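Note that this is a predicted model, so its numbers are computed, not measured. Here is how names work: the chains are called A, B, and so on, in the same order as the sequence lines, proteins then strands, and each is numbered from 1.
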Amino acid sequence: MRRYIVRRVLASIPVLAVVAIITFGILHLTPGDPAEVIAGPDARPEDVEAIRTRLGLDRPAIVQFGNWIGSLAQGDLGVSAFSGQRVTSLIAERIGPTVSIAVLAAVFAISLGIPLGVLAAWKANTWIDRTVMLFAVLGLSLPAFLLGFVIMWILGIKFQLLPVAGYARLSEGFGEYLKYLVLPSLTASLTLMALITRMTRASTLEVLREDYIRTARAKGLQERLVLFRHALRNAALPILTVVGFGLAFLVSGLVIVESVFAVPGMGRLLVDAIRQRDYSIIQGVVLTVSVFYVLVNLTVDLLYSYVDPRVRY
Amino acid sequence: MVGITLGEDHSIRAVTQAPSGNSTAAENGQRPVVLELDGLRAHFATPQGIVKAVDGVNWDVREGETVALVGESGSGKSVTALGIMGLISPPGKITGGRILFGGRDLAQLSQEEMRNIRGHQIAMVFQEPMTSLNPVLTVRRQMTEGMEVHLKMRPKEASERAIELLTLVGIPDAKRRMHEYPHHFSGGMRQRVMIAQALSCNPKVILADEPTTALDVTIQAQVLEVMEGLAHRFNTATVIITHNLGVVARYARRVNVMYAGRLVETGNARDIYTNPQHPYTYGLLQSVPRLNEPRKTSLIPIEGSPPDLARLPQGCAFRPRCRFAVERCGQETPLMALVGPAHAAACWVAASPGGLPK
């Protein structure tokens with residue numbers, strides 16, 4: 001097991017390298033010049049040229065890439081072309097809200113999606129099943145920002161239960177922190193929740209036909225135990241896979257959710273950086289998110305063997 | 001004193017002759033009946049029509065006794081067992097008859113009442129040991145959960161009893177091995193686990209649905225020995241459902257033969273073997289190789305295949321495959337009739353004065 005983890009972590013290094021090359025390549029191929037943006041619309045050409053030289057943008061792309069990779073290897077993501085702040089400290093500042101929303105959204109999606117999916121499978125082809133599936137289809141097909149506004153309107157404006165925008169740090173008190181997190185997390189969780197519900201239903205439905213489920217019922221176990229001890233554990237592998245890549249989607253969705261709810265997270269950092277062609281920040285954020293993906297995938301793979309004892313590494 | 005009487009619905013069933021019932025019967029050396037089926041019907045409503053999987057079946061089993069339910073695939077044996085357990089899945093359901101157990105009719109009980117009987121008072125061993133155990137739960141978990149639910153045992157107590165039971169069914173090093181998963185066990189060993197699990201709550205009846213069909217021949221005997229030994233030890237009544245007449249001859253005291261959802265012959269194992277009265281039973285015995293006969297004697301198969309249960313022919317369901325059929329067989333469904341003491345068959349030819357011309 002330990003050897004497997006080490007091997008997987010080492011194998012993720014080339015993955016991150018490829019991510020770095022692609023991000024770098026795409027940024028340098030897209031039109032728009034950071035020097036011109038920084039200098040402003042009325043700047044003289046020589047000012048723009050001076051800025052370009054200061055940022056090192058006049059050198060060949062391969063040299064720029066070499067420099068960037070070199071400092072990256074030392075844990076340095078460079079500095080923002082605009083503010084001159086270190087990218088690492090900018091990300092550190094913004095990562096809190098994003099991680100908080102992502103974690104709470106995952107908790108919502110898993111803790112509601114799985115029981116709903118099991119319920120739909122158990123009551124397959126009844127009105128309960130159809131109602132759950134209707135909401136799952138809506139959750140999958142409506143865009144997050146639209147759902148975000150609907151939820152914001154119902155819970156925030158109509159019933160005034162929760163603040164509609166902003167963010168409170170944990171240091172301002174746990175209650176306050178949670179109050180601001182609920183709406184964006186709920187919005188971000190809906191797509192994943194719908195995905196988990198559908199996958200749980202399909203997977204559980206298949207498992208419920210297995211001989212060992214009949215055995216469990218023949219033992220006289222309560223349906224609760226038949227469903228959650230006997231069926232769900234067997235249905236868990238595909239659900240786990242969906243949770244894995246669903247989390248990746250969820251993080252991409254946060255870019256929009258953070259804008260809708262005015263949360264100062266990494267998503268907004270990224271959007272602002274793209275608008276200003278702030279290469280170092282874009283690369284830093286993309287790389288951070290990639291590391292997150294790699295970690296999620298590794299965790300999912302390790303959970304397989306926990307859920308299904310027949311999986312061995 | 002077993003006799004056979006005509007029931008109110010003109011069906012024949014084995015009954016104790018003493019009018020005062022079980023206590024007198026017990027004094028006569030006859031054990032009390034623990035489970036009795038009275039005209040059980042289980043039908044499946046399918047788009048092709050109503051499939052009468054079980055259509056009016058009567059039999060009983062006495063305390064500590066082993067009874068066989070014999071028939072080929074699709075004869076309704078398994079549906080009968082699942083019906084007793086209350087586990088027939090839709091579109092099937094029990095549409096008539098009674099399942100008498102402990103003074104109650106199981107067919108009338110609620111889901112929750114049935115749940116308390118399943119695995120507790122009536123346990124079941126299934127055909128496929130490879131797929132009937134849950135692959136992601138340890139053997140310990142699957143052994144103990146029934147005892148925790150029905151006997152309200154603590155996990156530790158239940159684990160200790162699980163070790164005892166697993167040792168009894170012949171699993172070496174049970175204390176260590178019960179922490180393993182089913183895929184670490186061979187087919188025969190898994191079926192032993194199933195048997196240990198079925199016995200765990202001291203059931204009054206075990207329904208064993210083709211318990212050895214999926215196993216190697218050499219293992220079959222071992223598993224059956226274990227089951228018989230323990231049933232005897234715990235005084236558990238056993239219903240062995242099988243199409244293997246060798247199994248029946250070795251272990252069952254009484255035999256019920258089913259064909260197309262109905263009982264066609266019932267009697268003591270010895271009578272059925274030496275003097276089968278229904279052409280179907282006769283055919284089954286003819287198609288089994290015997291070690292005490294010359295090897296060149298060829299086996300005689302039963303021609304044709306079982307009928308479509310949604311479109312049974314008029315008269316006797318076995319008539320299209322029967323070489324003794326007479327005109328009446330195509331017109332009237334034969335009723336169970338006595339063909340000997342404690343031996344009945346549903347066949348017009350067998351019931352006629354000349355009997356079955358073998």
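For B:Met194, the part lying near chain A is the side chain, with the backbone staying farther off; criterion is any non-hydrogen pair under 4.5 Å. Heavy atoms closer than 4.5 Å to chain A are found in the side chain of B:Leu137, but not in its backbone. Residue B:Ile117: no heavy atom, backbone or side chain, is found under 4.5 Å from chain A.
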Between chain B and chain A, which N or O donor and acceptor atoms come closer than 3.5 Å?
{"from": "B:Arg115", "atom 1": "NH1", "to": "A:Gly220", "atom 2": "O", "distance (Å)": "2.8"}
{"from": "B:Arg118", "atom 1": "NE", "to": "A:Arg217", "atom 2": "O", "distance (Å)": "2.9"}
{"from": "B:Gly119", "atom 1": "N", "to": "A:Ala218", "atom 2": "O", "distance (Å)": "3.1"}
{"from": "B:Thr131", "atom 1": "O", "to": "A:Tyr212", "atom 2": "N", "distance (Å)": "3.2"}
{"from": "B:Thr131", "atom 1": "OG1", "to": "A:Asp211", "atom 2": "OD2", "distance (Å)": "2.5"}
{"from": "B:Ser132", "atom 1": "O", "to": "A:Thr215", "atom 2": "OG1", "distance (Å)": "2.7"}
{"from": "B:Asn134", "atom 1": "OD1", "to": "A:Asn234", "atom 2": "ND2", "distance (Å)": "2.7"}
{"from": "B:Asn134", "atom 1": "ND2", "to": "A:His230", "atom 2": "O", "distance (Å)": "3.1"}
{"from": "B:Asn134", "atom 1": "ND2", "to": "A:His230", "atom 2": "ND1", "distance (Å)": "3.0"}
{"from": "B:Gln142", "atom 1": "O", "to": "A:Lys219", "atom 2": "NZ", "distance (Å)": "2.8"}
{"from": "B:Glu145", "atom 1": "OE1", "to": "A:Arg229", "atom 2": "NH1", "distance (Å)": "2.7"}
{"from": "B:Glu145", "atom 1": "OE1", "to": "A:His230", "atom 2": "NE2", "distance (Å)": "3.0"}
{"from": "B:Glu145", "atom 1": "OE2", "to": "A:Lys219", "atom 2": "NZ", "distance (Å)": "2.7"}
{"from": "B:Glu145", "atom 1": "OE2", "to": "A:His230", "atom 2": "NE2", "distance (Å)": "2.7"}
{"from": "B:His150", "atom 1": "NE2", "to": "A:Lys219", "atom 2": "O", "distance (Å)": "2.7"}

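For B:Pro90, there are no side chain to side chain contact (heavy atoms under 4.5 Å, CB included) partners at least two apart in sequence or on another chain. By the salt bridge (charged side-chain N to carboxylate O under 4.0 Å, His left out) test, B:Glu160 is found to be paired with B:Lys156, residues two or more places apart in sequence or in another chain being considered.
For chain B, the option among A:Leu225, A:Leu221, A:Ile213 with the highest count of heavy-atom pairs below 4.5 Å is A:Leu221. In terms of heavy-atom pairs under 4.5 angstrom with chain A, the leader among B:Gly146, B:Pro135, B:Pro182 is B:Pro135.
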Extract all donor-acceptor atom pairs below 3.5 Å that involve side chains of residues 101-109 of chain A and protein atoms in other chains or at least two apart in sequence.
none

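Between B:Arg98 atom CZ and B:Arg41 atom CZ the span is 13.5 Å, to the nearest 0.5 Å.
You'll find the side chain of A:Ile151 reaches within 4.5 Å of the side chain of A:Leu190, heavy atoms only. Side-chain contact between B:Leu82 and B:Met124: present, with at least one pair of heavy atoms (C-beta onward) separated by less than 4.5 Å.
The number of heavy-atom neighbours closer than 6.0 Å to CZ of A:Phe249, taken from other residues, nucleotides and ligands shown, is 12 or below. The neighbour count for B:Ile50 CD1, taken as heavy atoms of other residues, nucleotides or ligands under 6.0 Å away, does not exceed 12.
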